[in-house]
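What follows is a single structure, written as structure tokens, with notes after it.
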Amino acid sequence: MELKWLLCVTLLALGILAAQAHDMDEDNDADDVVDIEDDLDDGIEEVEESKSETSSPPPAPKVTYRPPVPTGEVYFAESFDKGTLDGWILSRAKKDDTDDEIAKYDGKWEVQDMKETKLPGDKGLVMVTRAKHHAISSKLSKPFVFDTKPLIIQYEVNFQNGIECGGAYVKLLSKTPELNLDQFHDKTPYTIMFGPDKCGEDYKLHFIFRHKNPKTGKYEEKHAKRPDADLKTYFTDKKTHLYTLVLNPDNSFEILVDQTVVNSGNLLNDMSPPVNPPREIEDPNDQKPEDWDERPKIPDPDAVKPDDWDEDAPAKIADENAVKPEGWLDDEPEYVADPDAEKPEDWDEDMDGEWEAPQIANPKCETAPGCGTWQRPMIDNPNYKGKWKPPMIDNVNYQGIWKPRKIPNPDFFEDLEPFKMTPFSAVGLELWSMTSDIFFDNFIICTERAVADDWASDGWGLKKAADGAAEPGVVGQMMAAAEERPWLWVVYILTVALPVFLVVLFCCSGKKQPSAAEYKKTDAPQPDVMDDEKEEEKDKGEKEEEEEEEDTNEEKLGSDADLGSASQEEEEEEEEEDRKPASEEEETVNRSPRNRKPRKD
């Protein structure tokens, strides 16, 4: 019991100390505005410095940055670690159908370190300005032709300031004689557009490709289905994310974020609108015949309204059995003018009319069943049937819902290899955003998955490792949180001490047994003595039963050997055997603790 009280007192003391620490912290914050003597300031600073030195966590392991190097053939690779925009062309175009003030692509691009970088020396392309049109592009080492090898495009994005409305997608610009990167704008032909885009609460990850109609020669945009994954985190956590598109010659595709598949499908089945048009279409010149009957049910032409059907009977009638409640005030109106109301001083009767006090509920009606003219309540009319209508029957002339006939689609074509798209020769960013400082890094376009994975490991992988090394462990995070909020120490202490207290409580709180001294005071038999006596009585009884069985067997043997023995001897032996158990039972009773006489002190 003493241990329980000790634990309770200990927990209470720890809680009081933590609360006092919290109060002291608040008092120190309030006293910061008070001037203190220089000597006291120096002493406090020394204590705080020594405290910070002893409580500071060990430094996190450093992750050394090295610019990624392609491990295989690539069409384009850019890490921006040279610190310049060499090889990139800023657009000087203007958007059509837009005011001249905002039509220019005058948004600024710079090569910078990330704001909160954990990798010194790792630079990237930053879209510096906001609410402006931005366009920048760069040539591939050679045009990409869709033949027998996959297409892999991969790059990194970090929304350093979050994102309100804007995109961070990339365009693969089609190889055409008219391509001029100096005049790159929103209508410049592209083959593929891929990347994140957000406005409002609509979070998108685009994959769009322009497909050429082999019959008309016109291009049409095909959009991949929306991914099922929740994309919000990638836009809001202010971390660097890796976006990858893998397009295979068998028309399959995969979209990955941070090397995890978030969307996949097939160009033939999972694009909208479909790549191939339908074989048949509805005839635009077909018209529904005038006598076409689409009514599945019609009114029965042979039905007749019954003679007793009264269409003029009202739906509600007055209840003739109702009686006016006693005390009803017929002469009192429900509402009366407010006697306490006063006409406003600025009331102009010429402009506002004659002033009237506002109406309030009549005080006399509060205690009465009602006021004003009493009227019988309305009830449903049992004779009401409404307007008569003939019943509906099946239409024998019903022909179904009319649809125009199908005709062969004059624009039908079947392209079973939509993977073979228009070759592209440049990569570009043509963006508008209401948020600045969007960070791009480590672009790569290649055909081998291993090359893209190695490039990601040397770039994005290092960023991830550096972020992980810089983040404190669980214990460190808990300690830091407790330093800011001292009351958390109470939570930590209770979390650890309460289970220990409960274990000790259950282990040490058994049923208390009476001591030997208590038995001695009353001279009552102790439990172990009583158990021993019961066991002795049980053993003795078993021995007596065995002796009786042995005697019985001997008598049987004797009777078989000497059939002529006298009956008088048998009677005497039986009397002795009868007396023997009786005497033994008396002896057992006399030795019982209940019949034992109390000892005189």
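All figures in this text were calculated on a predicted structure; none of them were measured in a lab.
Counted within 6.0 Å of CD on E311, heavy atoms from surrounding residues, nucleotides or ligands total more than 12; the atom is thus considered enclosed. In the displayed structure, K385 atom NZ is contacted under 6.0 Å by more than 12 heavy atoms of other residues, nucleotides or ligands. At most 12 non-hydrogen atoms from other residues, nucleotides or ligands lie less than 6.0 angstrom from CD of E116. Sparse packing is recorded around CG of D228, with 12 or fewer heavy atoms of other residues, nucleotides or ligands lying under 6.0 Å away. No more than 12 heavy-atom neighbours from other residues, nucleotides or ligands sit within 6.0 angstrom of CD on E356.
Here the two rings, on H134 and W432, have centers that are 6.0 Å apart or farther. Between F80 and W88, the distance from one ring center to the other falls under 6.0 angstrom. With ring centers used as reference points, F194 lies 6.0 Å or more from F207.
Of the N and O atoms on the side chains of N161 and K238, not one donor lies less than 3.5 Å from an acceptor on the other residue. Between the side chains of D293 and N395, a donor-acceptor pair is found at a separation under 3.5 Å.
When every heavy atom of P369 is checked against every heavy atom of E326, the shortest pair comes out as CG-O, 3.2 Å. Here the closest non-hydrogen pair linking I281 and P410 is CD1-CD, 3.9 Å. The two atoms that bring P249 and T148 nearest to each other are CG-O, 3.4 Å, heavy atoms only. For W455 against A77, the heavy-atom pair with the smallest separation is CH2-CB, 3.8 Å. The two atoms that bring H206 and D197 nearest to each other are NE2-OD2, 3.0 Å, heavy atoms only. The heavy-atom pair separating C446 from V74 by the smallest distance is CB-CG1, 4.1 Å.
The side-chain tip of R92 does not point at the ring of Y105 from less than 6.0 angstrom away and within 45° of straight on.
A donor-acceptor distance shorter than 3.5 angstrom exists from the side chain of T236 to the backbone of K232, with no hydrogens or angles considered. Without hydrogens or angle criteria, W292 side chain to G400 main chain gives a donor-acceptor distance under 3.5 Å. For the pair S141 (side chain) and Y75 (backbone), a donor-acceptor distance under 3.5 Å is present. No donor-acceptor pair closer than 3.5 Å links the side chain of S272 to the backbone N or O of H223. W328 places a side-chain N or O within 3.5 Å of a backbone atom of G372 that can act as its donor or acceptor partner. Without hydrogens or angle criteria, N381 side chain to P314 main chain gives a donor-acceptor distance under 3.5 Å. Between the N251 side chain and the L267 main chain, no donor and acceptor come within less than 3.5 Å of each other. Looking at E294, its side chain does come within 3.5 Å of a backbone N or O of W402 through a donor-acceptor pair. Checking side-chain atoms of S91 against main-chain N and O of F184 turns up a donor-acceptor pair under 3.5 Å. Not one N or O on the side chain of K222 forms a donor-acceptor pair closer than 3.5 Å with the backbone of I208.
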Would E221 and Y190 satisfy side chain to side chain donor-acceptor pair (under 3.5 Å), going step by step from the backbone distance to the final call?
CA-CA 10 Å; E221 289 184 350; Y190 68 89; 2.7 Å; yes

Before you tell me yes or no, could you show the steps for L172 and I445 under side chain to side chain contact (heavy atoms under 4.5 Å, CB included), namely the whole-Å CA-CA distance, both residues' side-chain angles and the distance that decides it to 0.1 Å?
CA-CA 10 Å; L172 306 182; I445 299 174; 3.9 Å; yes

The test is side chain to side chain contact (heavy atoms under 4.5 Å, CB included); show your working for I152 and T244 and say whether it passes.
CA-CA 7 Å; I152 301 174; T244 308; 4.2 Å; yes

Start with the C-alpha distance between E220 and K218, add both sets of side-chain angles, then the distance that settles salt bridge (Lys or Arg N to Asp or Glu O under 4.0 Å), and finish with yes or no.
CA-CA 7 Å; E220 186 178 23; K218 295 182 179 180; over 6 Å; no

Given salt bridge (Lys or Arg N to Asp or Glu O under 4.0 Å), test E349 with K343 step by step and report yes or no.
CA-CA 11 Å; E349 293 189 355; K343 183 173 70 172; 3.6 Å; yes

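Summarising the geometry, atom OG1 belonging to T191 is positioned 11.5 Å from atom NZ belonging to K171; distances are rounded to the nearest 0.5 Å. For the atom pair NZ (K142) and CZ (F76), the distance works out to 15.0 Å, reported to the nearest 0.5 Å. Here the straight-line distance linking atom CG of D415 with atom CG of N213 works out to 9.5 Å at 0.5 Å rounding. Rounded to the nearest 0.5 angstrom, N158 CG and H241 NE2 are separated by 7.5 Å. Rounding to the nearest 0.5 Å places OG of S436 at 9.5 Å from CD of E164. The distance from the CZ atom of R210 to the OG1 atom of T422 is 7.0 Å, given to the nearest 0.5 Å.
Taking 4.0 Å as the cut-off between side-chain N and carboxylate O, K239 and D237 do not count as a salt-bridged pair. Between K420 and D147 there is no salt bridge, since no side-chain N of the basic residue sits under 4.0 Å from a carboxylate O of the acidic one. With respect to D319 and R376, no salt bridge is recorded, no charged nitrogen being found less than 4.0 Å from a carboxylate O. K316 and D380 are joined by a salt bridge, as a carboxylate oxygen and a charged side-chain nitrogen come within less than 4.0 angstrom of each other. No salt bridge links K364 with E334; every basic N to acidic carboxylate O contact stays at or beyond 4.0 Å. Ion pairing of R449 with E254 is present here, as a side-chain N (NZ or NE/NH1/NH2) and a carboxylate O approach within less than 4.0 Å. Taking a cutoff of 4.0 Å between a charged side-chain nitrogen and a carboxylate oxygen, D411 and K215 do not qualify as a salt bridge. Contact check on K149 versus E448 returns no salt bridge, with no Lys/Arg side-chain nitrogen under 4.0 Å from an Asp/Glu carboxylate oxygen. A salt bridge links R226 with D202: the closest approach of a Lys/Arg side-chain nitrogen to an acidic carboxylate oxygen falls below 4.0 angstrom.
You'll find the side chain of E156 reaches within 4.5 Å of the side chain of K463, heavy atoms only. N397 is not listed as a side-chain neighbour of D291, based on a closest heavy-atom distance of 4.5 Å or more. Using a 4.5 Å heavy-atom threshold, the side chains of I438 and S433 count as touching. Using a 4.5 Å heavy-atom cutoff, the side chains of D96 and D186 are not in contact. N442 places none of its side-chain heavy atoms less than 4.5 Å from the side chain of I444. Side-chain contact between D258 and W460 is present, with heavy atoms from C-beta onward closer than 4.5 Å. Under the 4.5 Å side-chain criterion, counting only non-hydrogen atoms from C-beta, V427 is in contact with V170. Residues N362 and P333 are in side-chain contact: their nearest non-hydrogen atoms beyond the backbone lie under 4.5 Å apart.
By the 30° and 60° cut-offs, the orientation of the rings of F413 relative to H211 is parallel. Classification of the F144-F146 ring pair by plane angle, with boundaries at 30° and 60°, yields perpendicular. Aromatic ring orientation, W109 versus F440: tilted (interplanar angle from 30° to 60°).
Evaluation of the disulfide (SG to SG under 2.5 Å) test over residues 171-202, restricted to residues two or more places apart or in two chains, returns C165-C199.
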